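Below is one structure; the comments refer to it alone.
Just so you know, these numbers use all the heavy atoms, side chains as well, and skip hydrogens, waters and symmetry mates. Being a predicted model, the structure only gives us computed values, none of them experimental. Atoms within a ligand are numbered from 1 in the order they appear, just like the ligands themselves.
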Amino acid sequence: MLALAHTQSLRKVELLLNVVQDLSLAKNLDEIMQIVRSAARELVDADGATFILKDGDKCYYADEDAISPLWKGKRFNSSICISGWVMQNRQSAVIKDIYVDDRIPADAYRPTFVKSLAVVPIRKKDPIAAIGTYWSSHHEVSSEQLQLLQALADSTSIAMENIQLVQNLESKIKERTAELESFSYSVSHDLKAPVRSIAGFAKILEEDFSDQIPTEATEHLNRIKKSAHQMNRLIDGLLDLARLSRLDVQLVEVNVSRLVEEISLQLEAEDPDRKASFTIKPGVKVVGDQRLLRVAVDNLLRNAWKFSKKTPMAYIEFGSYFSENGNVVCFVKDNGAGFDMSHAAHLFKAFHRLHTEQQFDGTGIGLATVARVMARHKGKIWAQAKAGEGAQFFLEFPNSLFIN
Ligand SMILES: Nc1ncnc2c1ncn2[C@@H]1O[C@H](COP(=O)(O)OP(=O)(O)O)[C@@H](O)[C@H]1O
Ligand SMILES: [Mg+2]
């Protein structure tokens, strides 16, 4: 008999340990409540459990798990309910017969199965919530059971404080990102006018004073024009990037293959002397934002096109496959210049380039833009490459976004 009791309490401790681990992984209050309401019931073999949140001077019965309905969704004045008493007095309440305890509003209990109960506060020093457990027959709560419940409540309190911290951080990060974005947007915008002026006056010098300018100075003038042009491209890239972050994502079914086909034709038209063979898998569809995905695919294809321009038999492929967890992964592959993966840590950050302007022109904003698009789709991006042997870029879309 003793051995059996021992095994049983070991099993409860094991259960508690598992629950503590689950709680540490919970990402929001709903997840916490879900874990706690069933764990509480199981830990003390109760017929029902509730999760009560302090809501000003009210007790909010936020969640429950019970043999028949209790008070889920209801609010009671703290002064008239037992969880209010528990939170105000910072101590647990154990009641074997609820109808003889004057802390219990009998009317609220009459429609329910409850005969006995135990309620423990969450964050004992300054309670923010409580866990209630209920029995349909007169039940004597042992001190061991009460300890288990209080241990559950203490872990719950840590989990609740953790998500609070994370949520605060997340909202601060969001705020700061929005500030930075609007700052970079307005700076970029303001830079356009002076750059336009530099380019404009360089042009006037060239056109109106060409006969008076010595050859060496013409060289300098060309440099000025080129730099102004490059700066203009950088600013446009930054403006595009900032705009992307502001656009609302409108999810529709997007035929990515068709986007790739259109852009490949455009590339060939823009540069008819270039020869590259395209292989495009037809019918690859994802759920995403048409405009954002066009920008992403455009950047990847333009890169493949650009970085394979020195390759004699340039080859560009678009394809897709399913990841292990069933997500759609699209890829763009080329056999161009590639790059050394050991230098690729910052590949997706703005202005990071692995090739010089002399080797291949560019601004280094394209991949940052693609990464932003994927972030807005809650997807992933990564690359695989080898110097001199080409590069492959992968876009993974979350499973739920996929339409068959
Ligand atoms: N297909 C590719 N092949 C080789 N290198 C690439 C490829 N795509 C991107 N890269 C590398 O990543 C860098 C960043 O790309 P991106 O942000 O599009 O800038 P940009 O095209 O303006 O250089 C490129 O400068 C290049 O070094
Ligand atoms: Mg690019």
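- In the candidate list Lys386, Glu357, His343, Lys306, Lys306 is nearest to atom 20 (P) of ligand 1, counting heavy atoms.
- Note on Asn303: counted as a metal contact of the Mg ion (ligand 2), an N/O/S atom lying under 2.8 Å.
- Every heavy atom of Ala337 sits 4.0 Å or more from the atoms of ligand 1.
- Here Val19 pairs with Leu15, Leu23, Ile35, Ala39, Leu152 under the side-chain contact (heavy atoms from CB on, under 4.5 Å) rule; sequence neighbours left out.
- Contact annotation: for Asp334 versus ligand 1, heavy atoms closer than 4.0 Å belong to the side chain alone.
- Figure legend: cation-pi geometry between Lys281 and Tyr321 absent, as NZ or CZ is not positioned both under 6.0 Å from the six-membered ring centre and within 45° of its axis.
- Not counting sequence neighbours, the partners of Lys72 by the salt bridge (Lys or Arg N to Asp or Glu O under 4.0 Å) test are Asp63.
- At a 4.0 Å cut-off, not a single heavy atom of Gly336 sits close enough to ligand 1 to count as contact.
- Considering Val44, Asp45, Val119 in turn, Val44 is the only one that fulfils the side-chain contact (heavy atoms from CB on, under 4.5 Å) rule with Thr133.
- At least one heavy atom of Leu347 sits closer than 4.0 Å to an atom of ligand 1.
- Counting heavy atoms under 4.0 Å from ligand 1, residue Leu300 does not touch it at all.
- Contacts with ligand 1 closer than 4.0 Å are made by side-chain heavy atoms of Phe393 only, the backbone lying farther away.
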